[in-house]
Amino acid sequence: MTFSPLNEVEDEEAEDKNVSFGYGQPRVLIVDGDHRSVLDVYGMANSFNSRVDAANGMESALNCLEKHRYDAVITDLEMNGSSGYELARWLRNNSPGTRVVVMTKRSRAEIERYVNTGIVDHWIFKPFGKSDLMIALADSIPKGGESTEDWL
């Protein structure tokens, strides 16, 4: 199954206006092969007053990353044909300022070999809610003087 990005921003003028007022919306990329999961995470991340794009797997994510700089990337650990951990390593090498959040259905014990490598900034375990995502993105969102209390 493939799907196009939910929010592909092409309006550079609108982006410039935000920056000119001293406020730039944080940009978040969600990467997952499960469309329902993307929609759920998209809704949560979008409520944080951020610009949210979506990608269906590693190849689509790399295409998005070539076009835009992201403050955070939220990726599933296991996707068809690729791993969110591989994407996290790519980001660490190619976009070190991007916060990397990996979501998984597996238990912490099952992924222990990945947890303490320093590659991933935050692990989030499914099912999770908006407050869990807020904690995972705390260093990326919000910007422009908002407080975390405004997110909820």
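Please read all numbers here as calculations on a predicted model, not as lab measurements. For reference, positions follow the sequence shown, starting with 1. The figures here come from the full heavy-atom set of this structure, side chains too, leaving out hydrogens, waters and symmetry mates.
Put simply, the residue from V73, D40, V101, V41 that forms a side chain to side chain contact (heavy atoms under 4.5 Å, CB included) with I30 is V41. When each of D132, T104, D76 is tested with K126 by the rule side chain to side chain donor-acceptor pair (under 3.5 Å), just one qualifies, namely D76.
Considering only heavy atoms from C-beta on, V102 comes within 4.5 Å of V100 through its side chain. Residues I74 and L137 form a side-chain contact, since some pair of their non-hydrogen atoms from C-beta on lies under 4.5 Å apart. Contact check for F48 versus P26: no side-chain heavy atoms found under the 4.5 Å cut-off.
One distance of note links CG of L87 with OG1 of T75; it measures 5.0 Å at 0.5 Å rounding. Taken to the nearest 0.5 Å, the SG atom of C64 stands 9.0 Å off from the CZ atom of R27. Going from atom CD of E59 over to atom CG of N63 covers 6.0 Å, rounded to the nearest 0.5 Å. Note that the CE atom of M44 and the CG atom of L133 stand 6.0 Å from one another [nearest 0.5 Å]. If you take CZ on R69 and CG on L29, they are separated by 12.5 Å, rounding to the nearest 0.5 Å. Going from atom CG of N46 over to atom CG of L39 covers 11.5 Å, rounded to the nearest 0.5 Å.
A salt bridge is absent between K105 and E78; no separation between the charged side-chain nitrogens and carboxylate oxygens falls under 4.0 Å. A salt bridge links R92 to D121: one of the charged nitrogens lies within less than 4.0 Å of a carboxylate oxygen.
Not counting sequence neighbours, the partners of N116 by the side-chain contact (heavy atoms from CB on, under 4.5 Å) test are R108, E112. In terms of the side-chain contact (heavy atoms from CB on, under 4.5 Å) criterion, residue partners of Y85 (sequence neighbours excluded) are, by chain and number, L77, S83, R89, Y114, T117, I119, V120, W123. Scored by the side chain to side chain donor-acceptor pair (under 3.5 Å) test, S82 finds no partners at all (sequence neighbours excluded).
Residues A61 and V31 approach most closely at CB-CG2, 3.7 Å, considering heavy atoms. The shortest heavy-atom contact between M79 and M58 is CE-N, 4.5 Å. Listed here is the closest heavy atom pair of A136 and H122: CB-CD2, 3.2 Å. Here the closest heavy-atom approach between residue S95 and residue T98 is recorded as OG-OG1, 2.5 Å. The shortest non-hydrogen separation linking S37 to D32 is OG-OD2, 3.0 Å. Of all non-hydrogen atoms in F125 and S107, the two that sit nearest each other are CE2-C, 4.0 Å.
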Intermediate values then yes/no, side chain to side chain contact (heavy atoms under 4.5 Å, CB included), W90 and L65: CA-CA 11 Å; W90 185 93; L65 290 160; 3.7 Å; yes
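At a cut-off of 3.5 Å, with distance as the only test, a side-chain donor of S47 or K130 sits close to an acceptor on the other residue.
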